[in-house]
Amino acid sequence: MAAFLMAVVFRGMEDAELAEFVEIMLHSGAVLDLGHLPAPRVDKHSTGGVGDKVSLVLAPLVAEAGLYVPMMSGRGLGHTGGTLDKLESIPGFRTDLPLDRFQAVLEAEGVAMTGQTREIAPLDRRLYDLRSVTGTVASIPLIAASIMSKKLAEGLSVLVLDVKVGSGAFLPDPAQAETLARTMVEIGRRQGVPTSALLTAMDRPLGRSAGNALEVREALECLRGEGPDDLRTLVLELAAEMLYRSGRFSDPGTARTRATELLDGGAPLERFRRMVERQGGDPRVVDDASLLPSAAEVMPVRAERAGSVLEVRPLPLGQGVVELGGGRTRLGEPIHPEVGFDQLVQPGDEVEAGDILGRVHARTQESAERGARRVRTAIRIGKDGPLLLPLVQNRVNPDGTLAAPWA
Ligand code: URA
């Protein structure tokens, strides 16, 4: 298998080979049959970023709009965060639901969020471990097959992908990110699950926080109709894409308007609370974020001079979260959910000398100081305006054509 993986890294795969490979991965385990549910099943998958807490808001929002969201998520990988780790910062929350419990939560609340169970795409699990020790992770067909075999096992009607572009993405180069997006969209099409992709910016973190419990806090703010604009905008764009593609709305504009009304009305927050409770978590967290784990040390990092924020690089911050103990350097390592960064400035913000650029949440004074150095490395202040990628760059339609974003 190692030789096979290496061959794919060097030679790539033809479309028909990739289709066959996905078929084998997908059917190496259970494929959910959720056809009995009275509405379409949709999910979103992100290729991973820093500060990307979108799923925590998007899943209950889309369920509120009448769709079913059977979401199986992953853990942090490298410098990027993972939805499972974020959810587990809620005291008691279980992400290891067996399939029957997962389905029961889904049927009751329209949304369930768990990890990939042992039954789902077991071949991917074996290959993934082999890839990580044979230097064969960075291959577009292998990444595409790995992601899609797990997502297609969820028994979806529609899948929406959030493919990150920019320095904090696994594939920073826009052309490569686009190839990955098209490859996954084509796999979805062949498998009869209409799949579309948004190519979105990861040249800066999403929102103003990175780190598990801190991101849950920010997601809860977004669910209250507050929080950073970029997070809210991306949630609404992806919600509109899911609602439109599933046939719930006949045009993306109406879908977006409805998603906005729902988010501002507060019902998705209530749905999130019920899901937390059904999955064993403490639902009081929803109203009282002080019940989330909190760090022993909170250190503000202040601007040395006035200016405008030109750059906030996601990579040093993502690596900083791992270094603080909020991510893993070895498989299965326990993590500290309370650490990370919050109150981060965003590109385009104006700061005065002494203003907070971000705060470090750490377990010790010493690691807080290391974290503070990461913040200083990540942020550049100057005179001109920032050069930023648009939040949503492009869209890949289910037929593989590339188009501009809706809005
Ligand atoms: N995520 C996956 O699930 N698989 C990959 O290969 C890369 C990211």
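Counting convention: from 1, in listed order, for ligands and their atoms alike. Residue indices begin at 1 and follow the sequence shown.
Listed by atom number, the atoms of ligand 1 under 4.0 Å from Tyr128 heavy atoms are 2 (C), 4 (N), 5 (C), 6 (O). Taking every non-hydrogen atom of Lys150 and a distance limit under 4.0 Å, the qualifying atoms of ligand 1 come out as 2 (C), 3 (O), 4 (N). Taking every non-hydrogen atom of Ser146 and a distance limit under 4.0 Å, the qualifying atoms of ligand 1 come out as 2 (C), 3 (O), 4 (N), 5 (C), 6 (O).
In this structure, the protein non-hydrogen atom closest to atom 8 (C) of ligand 1 is Leu77 CD2, 4.0 Å. The shortest contact between atom 1 (N) of ligand 1 and any protein heavy atom is with Ile147 CG1, 3.7 Å. Protein heavy atom closest to atom 7 (C) of ligand 1, with residue, atom name and distance, is Ile143 CG2, 3.8 Å.
We find that Arg208 and Asp342 are not joined by a salt bridge, their nearest charged nitrogen and carboxylate oxygen being 4.0 Å or further apart.
Side-chain polar atoms of His36 and Glu107 form a donor-acceptor pair below 3.5 angstrom.
Within the cation-pi definition used here (under 6.0 Å to the ring centroid, within 45° of the axis), Arg256 does not qualify as a partner of Trp406.
Checked options Arg373, Arg328, Arg374; the residue passing with Glu323 is Arg374 (criterion: salt bridge (charged side-chain N to carboxylate O under 4.0 Å, His left out)).
Gly76 and Asp85 make their closest contact through N-OD2, 2.9 Å (heavy atoms, listed as atom of the first residue, atom of the second, distance).
The closest approach between a heavy atom of Phe170 and any atom of ligand 1 is not below 4.0 Å.
For Gln176, there are no side chain to side chain donor-acceptor pair (under 3.5 Å) partners two or more places apart in sequence or in a different chain.
On a distance-only criterion, His45 and ligand 1 share no N/O pair closer than 3.5 Å.
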